[in-house]
2 protein chains.
Amino acid sequence: MRWDELDTDNCPVARTMAVMGDRWTVLILRDCLRGVSRFDDFCARLGCSRTTVSDRLARLVEAGVLETEAYQAHPPRHDYRLTAQGRDLGGVLMLMARWGETWRPKAGTRPLQRRHRACGRAFQPILVCSECGEPVAPGSVEYGDTAAAAG
Amino acid sequence: MRWDELDTDNCPVARTMAVMGDRWTVLILRDCLRGVSRFDDFCARLGCSRTTVSDRLARLVEAGVLETEAYQAHPPRHDYRLTAQGRDLGGVLMLMARWGETWRPKAGTRPLQRRHRACGRAFQPILVCSECGEPVAPGSVEYGDTAAAAG
DNA sequence: ATTTGAGAGTACAAAAAATAGACTCACTCG
DNA sequence: CGAGTGAGTCTATTTTTTGTACTCTCAAAT
């Protein structure tokens, strides 16, 4: 199975992976969420080749996660901006950041500061149940499409 | 930059990607969360080569996300089980599933059923702010380590 | 006792993708 | 005019990924 075959898969996780299932893609998205929008800035922060940045940005634009916005016409120049789809990936990224901070802590790194615009405070993302509002603990979820699950 | 260099990176997202930043790895994790635990079962569900399954399982065990548990001694056979680290990735996977259902819907697929053991109901995962308890809308987060952010 | 089959891999070579680093192109600024 | 900048593209090399076939250990069936 190749990359592009994944997106027709029955599983929504697989279809999401078809879009963001690559480390560079995820790191580009991370930078977008932090306000980076230009080619050379991505290159400078990522530490990977320009070819790779070019390829990933093009894929993300094609997938509708990013869009380009011209800021200068003559040598055509544009910013890469998140679409609604892209902003909605922010939650996934936040949880990934939290996992990394918890299980792969790094000495000398101050925890990442996130501020919730609605209340103005630095916060951590918490996953709660839409029905009872309580946090969803790891291991407290059962899936209906298979035998009793461990997740 | 190569795979294994990522895990020493300063960014917690990058360190997480060093562990789960590969489509097959994520799909294996997804299956683990749904209760799959044996080599051939992963092979059957994934549609990728046995080599790939073998490699990814070994990486996950080495990373401490999965562990093996013998269920038979003589031809040594074991289950692959999630560790606490692995179960904690469940949140990331749930949000990825939700993104896929929202933005890459597929006709004829019933939405994935998840049940919250604590309250017994089918639910959707919601990301809330640890400080005010309100949902964190896409685009309502500011990051402190860069200029004003779009995320 | 021999054959068949399951489970869990390995080995190996072919094919595909990713990478670094240099190069290009179209301007703009001094 | 020459240097600089932003955004790529080209190419050859390296790495990964993949498929297929093979191995190994045992249990069950014949």
Side-chain angles (χ1 to χ4, degrees), chain A residues 1-7 9 14 17-29 31-32 35-63 66-81 147, chain B residues 1-7 9 14 17-29 31-32 35-63 66-81 147:
Chain A
M1 198 192 286
R2 284 191 324 285
W3 254 108
D4 50 349
E5 293 177 62
L6 260 187
D7 67 358
D9 201 278
M17 284 308 281
V19 175
M20 59 168 287
D22 164 275
R23 47 214 141 136
W24 301 122
T25 302
V26 172
L27 298 183
I28 284 177
L29 252 16
D31 285 343
C32 285
V36 176
S37 70
R38 300 204 181 166
F39 188 86
D40 273 19
D41 292 338
F42 290 115
C43 290
R45 291 169 147 259
L46 259 43
C48 68
S49 71
R50 306 172 71 75
T51 323
T52 307
V53 175
S54 179
D55 177 78
R56 297 310 188 286
L57 286 172
R59 272 178 212 260
L60 285 168
V61 169
E62 195 186 0
L66 294 183
E67 62 191 358
T68 54
E69 190 183 345
Y71 66 85
Q72 162 183 315
H74 270 315
R77 293 289 177 265
H78 46 266
D79 290 314
Y80 290 91
R81 302 217 168 279
Chain B
M1 197 192 285
R2 283 189 326 285
W3 255 106
D4 50 348
E5 295 176 62
L6 260 188
D7 68 359
D9 201 279
M17 285 308 281
V19 174
M20 58 169 289
D22 165 274
R23 46 212 141 135
W24 301 121
T25 303
V26 171
L27 298 182
I28 284 176
L29 253 15
D31 285 343
C32 285
V36 177
S37 71
R38 300 201 182 168
F39 189 85
D40 274 17
D41 292 339
F42 289 116
C43 290
R45 293 169 145 260
L46 258 44
C48 68
S49 70
R50 304 172 71 76
T51 324
T52 306
V53 175
S54 179
D55 178 77
R56 296 310 189 286
L57 286 171
R59 274 178 211 260
L60 286 168
V61 169
E62 196 186 0
L66 293 184
E67 62 191 357
T68 55
E69 190 183 345
Y71 66 84
Q72 164 183 314
H74 271 315
R77 293 289 178 266
H78 46 267
D79 290 313
Y80 289 91
R81 302 217 166 279

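Quantities reported herein were computed from a predicted structural model and do not represent experimental measurements. A, B, ... follow the sequence lines: proteins, then strands. Residue 1 opens every chain.
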Residues that A:Asp55 engages under salt bridge (charged side-chain N to carboxylate O under 4.0 Å, His left out), provided they are two or more places apart: A:Arg59

Measuring to OP1 and OP2 of C:dT19, would you say a side-chain N or O of A:Ser49 lies under 4.0 angstrom away? no

Heavy-atom side-chain proximity of A:Leu60 to A:Leu29 below 4.5 angstrom: yes

Just N and O in the side chain of B:Thr52: are any of them under 4.0 Å from OP1 or OP2 of D:dT17? no

If we check side-chain contact (heavy atoms from CB on, under 4.5 Å) with B:Leu46, which of these qualifies: B:Asp41, B:Asp31, B:Val36? B:Asp31

Nucleotide C:dA8, atom P - distance to CG of B:Leu66 in whole Å: 14 Å

Would one find more than 12 heavy atoms of other residues, nucleotides or ligands at under 6.0 Å from atom CD of A:Gln72? yes

What's B:Phe42 touching, base or sugar-phosphate or nothing? Going by heavy atoms closer than 4.0 Å. nothing

Below 4.5 Å, heavy atoms only, C-beta onward: do A:Arg77 and A:Phe39 meet side chain to side chain? no

Using a strict 4.0 Å threshold on nitrogen-to-oxygen distance, state whether A:Arg38 and A:Asp40 make a salt bridge. no

Roughly, in whole Å, what's the span from CG in A:Asp55 to P in D:dC10? 13 Å

Nearest-0.5 Å distance that lies between atom CD1 in B:Ile28 and atom CZ in B:Phe42: 6.5 Å

Please list, pair by pair, any protein nitrogen or oxygen found under 3.5 Å from a nitrogen or oxygen in nucleotides 9-14 of chain C.
| unit_1 | atom_1 | unit_2 | atom_2 | d |
| --- | --- | --- | --- | --- |
| C:dG9 | OP2 | B:Tyr80 | OH | 2.7 |
| C:dG9 | N7 | B:Arg50 | NE | 3.0 |
| C:dG9 | N7 | B:Arg50 | NH2 | 3.0 |
| C:dG9 | O6 | B:Arg50 | NE | 3.4 |
| C:dT10 | OP2 | B:Ser54 | OG | 3.4 |
| C:dA11 | N6 | B:Thr51 | OG1 | 3.3 |

May I ask you to verify if any side-chain N or O of A:Arg56 is less than 4.0 angstrom from the OP1 or OP2 atom of D:dG8? no

Please tabulate, one pair per line, each protein N/O and nucleotide N/O from nucleotides 25-27 of chain C that are separated by under 3.5 Å, including the distance.
| unit_1 | atom_1 | unit_2 | atom_2 | d |
| --- | --- | --- | --- | --- |
| C:dC27 | OP1 | A:His74 | O | 3.3 |

Specify the separation, in whole Å, of atom CG of A:Leu46 and atom C1' of C:dG21. 17 Å

What is the distance from CD1 of A:Ile28 to P of D:dG8, rounded to the nearest Å? 11 Å

Could A:Arg23 and B:Asp22 be called an ion pair, given the rule that one side-chain N must be under 4.0 Å from one carboxylate O? no

Given atom CG of A:Asp79 and atom P of D:dG8, what is their separation to the nearest angstrom? 11 Å

Rounded to whole Å, how long is the line connecting atom CZ of A:Arg45 with atom C1' of D:dG6? 17 Å

Look at the side-chain N and O atoms of B:Trp24 and state whether any lies under 4.0 Å from the OP1 or OP2 oxygen of D:dT17. no

Approximate separation, where rounding is to 0.5 Å, of B:Met20 CE and B:Thr25 OG1: 8.5 Å

